[in-house]
Amino acid sequence: MNNLLKQMQQDAGSTAHDNMGKIGSVANDIADTDQEISNIEEQLKKKKDYKKHLSENVLPNLFAEVGLSELKLADGRLIKVGNYYGASIKEDKKQPAFTWLRDNGFGDMIKNQVSCSFGRNEDEKARGLIDTLNEQGYQSSQREWVEPSTLRAFIREQHEAGRQLPMDLLGAYVGQKTTIKN
């Protein structure tokens, strides 16, 4: 009986040792896979940057050199070069940009959110105006912003109408981009 007990302990020890080896192996496999994923993601980023360069610089320049804005290929694909718009108001230019928008009749693009924090059972106080809350010592916060898609649409609309905008102030730019459709 004593030999059987010793044999069982030895078997259990070797199984535990085998499992420890498997755990280490799987952990190494996970680490190797993480590294492979990082490498693939880096390659993908480089490919996307290269595609962007071709689409936004190389092809638009080639089209401009020959005076075209679109071209239909023999295989039926249509290549077009057109404008694209981007805008993002930087934090340090936010107030002057909002002032410009308001002063020029575009203040309705600015979203304005005021929020207040209350403790339990303060529902009645929550219904008051923000000035009343500030007078009573409650902290309130205000957030103003312009939705990026709204700003891009505004830039496109104004650019296409030939109006001059403070592009730097609005964090706006107009570029060209190639689209290829089957």
**Study point:** Side chain to side chain, K45 and D49, heavy atoms closer than 4.5 Å
**Key:** yes
Practice item. Hey, could you give me the CZ/CD distance between R152 and E147, rounded to the nearest 0.5 Å? Key: 10.0 Å
Review point. Considering all heavy atoms of both residues, which atom of I155 and which atom of A87 are nearest to each other, and what is their separation?
Key: CG1-CB, 4.0 Å
Check your understanding: Could you give the distance from OG (S69) to CD1 (I79), rounded to the nearest 0.5 Å?
Key -> 12.0 Å
Revision key, fill the gap. Separation between CD1 (I23) and CG (N28), nearest 0.5 Å, reads 12.0 Å
Check your understanding: Hey, is D75 close enough to R77 for a salt bridge, meaning N to O under 4.0 Å?
Key -> yes
Exercise for review: Count the heavy atoms belonging to other residues, nucleotides or ligands that lie under 6.0 Å from NZ of K94, then report whether that count exceeds 12.
Suggested key: yes
Check your understanding: Given the rule that I, L, V, M, F, W and Y join up when any side-chain heavy atoms are under 4.5 Å apart, are V66 and L59 in one cluster?
Key -> yes
Review point. Taking C-beta and beyond as the side chain, do L78 and E70 meet within less than 4.5 Å on heavy atoms?
Key: yes
Point to revise | Interatomic spacing from CZ in F98 to CG in L169 - rounded to 0.5 Å | key: 10.5 Å
Review point. Would you say R102 and I110 make side-chain contact, with heavy atoms under 4.5 Å?
Key: yes
Review point. Is a side-chain donor-acceptor pair under 3.5 Å present for Q35 with N39?
Key: yes
Review point. Backbone N or O of D34 within a donor-acceptor pair of the S38 side chain at under 3.5 Å?
Key: yes
Practice item. Ignoring hydrogens and angles, tell me if any N or O in the side chain of N61 forms a donor-acceptor pair with the backbone of N57 under 3.5 Å. Key: yes
Exercise for review: Rounded to the nearest 0.5 Å, what's the gap from CG on L170 to CD on Q158? Could you check?
Suggested key: 10.0 Å
Check your understanding: Just wondering, do L71 and L73 contact through their side chains at under 4.5 Å, heavy atoms?
Key -> yes
Side chains of residues 173-182: which donor-acceptor partners sit under 3.5 Å, not counting sequence neighbours?
| from | atom 1 | to | atom 2 | distance (Å) |
| --- | --- | --- | --- | --- |
| T178 | OG1 | S55 | O | 2.8 |

Review point. With the 4.5 Å side-chain cut-off for hydrophobic clustering, are L165 and M109 part of the same group?
Key: yes
Review point. Is the side chain of T33 donor-acceptor paired with the backbone N or O of D29 at a distance under 3.5 Å, no angle test?
Key: yes
Check your understanding: Going by heavy atoms in the side chains, are E144 and K111 under 4.5 Å from each other?
Key -> no
Point to revise | Set of residues satisfying side chain to side chain donor-acceptor pair (under 3.5 Å) with respect to D103, sequence neighbours excluded | key: none
Practice item. Check whether any side-chain heavy atom of I89 lies under 4.5 Å from a side-chain heavy atom of W145, and answer yes or no. Key: no
**Study point:** same_hphob_cluster(L62, Y84) at 4.5 Å side-chain heavy-atom cutoff
**Key:** no
Review point. Should the pair K48-E56 be classified as a salt bridge under the 4.0 Å nitrogen-to-oxygen rule?
Key: no
**Study point:** Heavy-atom side-chain proximity of E160 to R156 below 4.5 angstrom
**Key:** yes
Check your understanding: Hey, are the side chains of F154 and V146 touching, using non-hydrogen atoms and a 4.5 Å cut-off?
Key -> no
